[in-house]
Amino acid sequence: MEEIKQKHSETGQGASRSSNQMQPSNFIRDIIDADLAAGKNNGRVHTRFPPEPNGYLHIGHAKSICLNFGIARDYRGLCNLRFDDTNPSKEDVEYVQAIMEDVRWLGFDWEERLFYASDYFERLYQCAIELIKKGKAFVCDLSPEELRRYRGTLTEPGTNSPYRNRSVEENLELFARMRAGEFPDGSRTLRAKIDMASPNLNMRDPVMYRILNVAHHRTGTAWCIYPTYDFAHCISDALEGITHSICTLEFEDHRPLYDWFLDQLDLGCHPRQIEFARLNLTYTLMSKRKLLELVEKKYVFGWDDPRMPTIAGMRRRGYTPESIRAFCDRIGVAKRESTVDMALLEHCVRENLNKHAPRVMAVLRPLTVVIDNYPEGATEYLSAINNPEDPAAGTRLVPFSKTLYIEQDDFMENPPKEFFRLAPGREVRLRYAYFIRCVDVEKDPVTGMPTVLHCTYDPDTRGGDAPDGRKVKATLHWVSAAHSLDAEVRLYDHLFTVPDPGAYDGDLKDIINPHSLEILKGCKVEPSLEGAAPGDRFQFERLGYFCVDTTDSGPNRLVFNRTVSLRDEWAKILKTKKW
Ligand code: ATP
Ligand code: MG
């Protein structure tokens, strides 16, 4: 619902001034169109996606990736991948590798433009020296605690540091000694000299460099001072010739500082920072810090646990890159925060899989059916349609025999009125096969649960209707017992019990959905799934879309993840709202 309101009110519709666009317009594209019309940047459009390698990418990052790379594609511009690796204590090469894999998998290509903020450490250092020489930066000896106190509050101005008026020479010397490793962590910083009375806290002599005696995953121990995000980001953008630096709303208040650094330095390029609202999704956490906590406390099985909102988790779960891109297009881009319903993402996944996933039959909770009047030891092969949405997908042959499995919950001994599936004395259709009628039920003497259903089949109903015109009210999926393969199936539900887990500040354990993972071990699948490769996706008829697990499935073990069920909550929402 939110996405639609948002689209109409803020992103606008209709033709745009740019002739090379493939997407509906949004306010960012409007800004770019205006810049192009005004002849800015010599007609160039150059964006970047700047992840910090301190965790895996999540679906929110996918929005940013689709936005930045999508704009570059549609304006025949360029988009860089740049690792914003200025905080070595939290970063790791594992994340660098994972991020590259995820961006590629989503279908985007940075070509030869892979950059790291750490590539610019020397340039950044020289920029800092230039600011010192211009009297625009100073070395400050205040401790982190004192820095906080001097900063003031939203209602009270800050206080000038007692070190603010050091001479240029003294600042140059101290900064060189900071770099040389003469001082302990936290003992000094380099700060911009702006305005301690500014109503914008970011402008109150912000820190540009801090001392951090930590090895960096790329530069090793070459540096013991590291630039802050605010200082490094704008300069990295300028050095790469970025024209439009697109970021999320929390950086809006940092924009004056972004512009201030670039104005002081005159690097020959002044990118335009544009902020948009980050993606929030119901039932989903989007903070890397909290996702890391889930992994470290082992509340999930890793960053690529299929319940995680990470790209790696969604890939393993069976989501396609096309469906994630379609989702990002549909939610659009706005200036106002909103929360998108998870059902919309799942709707996009279904829409894509419906077109492409082959249909097969699988029984998750098997109940044995014996066809009493079917010849012992006989097998026949029945023609089944691979994908009704795609005639080119053709048909396959499915074996039928005397002993079959159906789903336990497709049978009830004492059915209520609204239950139309199999019951004693009742007739149903087996998909692609025959009408069968239940004539007897064997039960477990202890539990009373049905163990074997005895049925008869009508040979005249093979693959179709009864010649005498009699009807059945249900069609069931099934597999032939002797021909079926064993499989493990993992069913997933929301990871959290509350729709807004981001707002919860207790231990995440308390809001984890205990039913978010259900493992079914004794499943039976049709023999055509022999040799299914990790990552292959299928529709199990009547049950949902499933994907062969890339980690635990192997030549002698079939493991499936349920990607999504067939029930489309989003379609229901749309219907009730009459859109
Ligand atoms: P976190 O706050 O969880 O650490 P982050 O925003 O700091 O995430 P980055 O690696 O810095 O993570 O993000 C890279 C880019 O992705 C940034 O431009 C950021 O604005 C964007 N991004 C991050 N989260 C979202 C989101 N939920 N929706 C849209 N864009 C996002
Ligand atoms: Mg960030």
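FYI, the numbering just counts along the sequence from 1. Everything quoted here is computed from the prediction, not taken from an experiment. Both ligands and their constituent atoms are indexed starting at 1 by order of listing.
A salt bridge links Arg148 with Glu145; the closest basic N to acidic carboxylate O contact falls under 4.0 Å. With salt bridges taken as basic N to acidic carboxylate O contacts below 4.0 Å, none links Asp119 and Arg82. Salt bridge Arg316/Asp552: present, at least one basic N to carboxylate O contact under 4.0 Å. Contact check on Arg278 versus Glu250 returns a salt bridge, with a Lys/Arg side-chain nitrogen under 4.0 Å from an Asp/Glu carboxylate oxygen.
Note: an N/O pair closer than 3.5 Å links Lys288 and ligand 1 by distance alone. Considering backbone and side-chain atoms together, His61 places an N or O closer than 3.5 Å to an N or O of ligand 1. Annotation: Lys63 places no N or O atom under 3.5 Å from an N or O atom of ligand 1; distance criterion only. Taking distance alone, with nitrogen or oxygen atoms compared against 3.5 Å, Leu279 approaches ligand 1 more closely than that limit. The shortest N/O to N/O separation between Arg278 and ligand 1 falls below 3.5 Å.
Close contacts between ligand 1 and Thr248 involve ligand atoms 19 (C), 20 (O), 29 (C), 30 (N), 31 (C) [criterion: under 4.0 Å to a heavy atom]. Atoms of ligand 1 lying under 4.0 Å from at least one heavy atom of Ser287, given by number and element, are 3 (O). Close approach to Phe276 involves these atoms of ligand 1, each under 4.0 Å from a residue heavy atom: 29 (C), 30 (N). Within ligand 1, the atoms closer than 4.0 Å to a non-hydrogen atom of Ser64 are 16 (O), 21 (C), 30 (N), numbered from 1 in the order shown. Listed by number with element, the atoms of ligand 1 under 4.0 Å from a non-hydrogen atom of Met286 are 3 (O), 27 (N). Counting atoms of ligand 1 from 1 in the listed order, those under 4.0 Å from a heavy atom of Phe49 are 14 (C), 15 (C), 16 (O).
The neighbour count for Phe301 CZ, taken as heavy atoms of other residues, nucleotides or ligands under 6.0 Å away, does not exceed 12.
With a 4.0 Å cut-off on non-hydrogen atoms, Phe251 does not touch ligand 1 at all.
The nearest pair of heavy atoms linking Arg151 to Met196 is CA-CE, 4.0 Å.
Residue pairs meeting the salt bridge (charged side-chain N to carboxylate O under 4.0 Å, His left out) criterion with at least one partner in residues 191-203, sequence neighbours excluded, do not occur; the list is empty.
In this model, no donor atom of one side chain and acceptor atom of the other lie less than 3.5 Å apart for Asp305 and Tyr492.
Shown here are the side-chain contact (heavy atoms from CB on, under 4.5 Å) partners of Glu146, two or more places apart in sequence or in another chain: Leu142, Ser143, Arg149, Tyr150.
Residue His58 places a heavy atom less than 4.0 Å from ligand 1.
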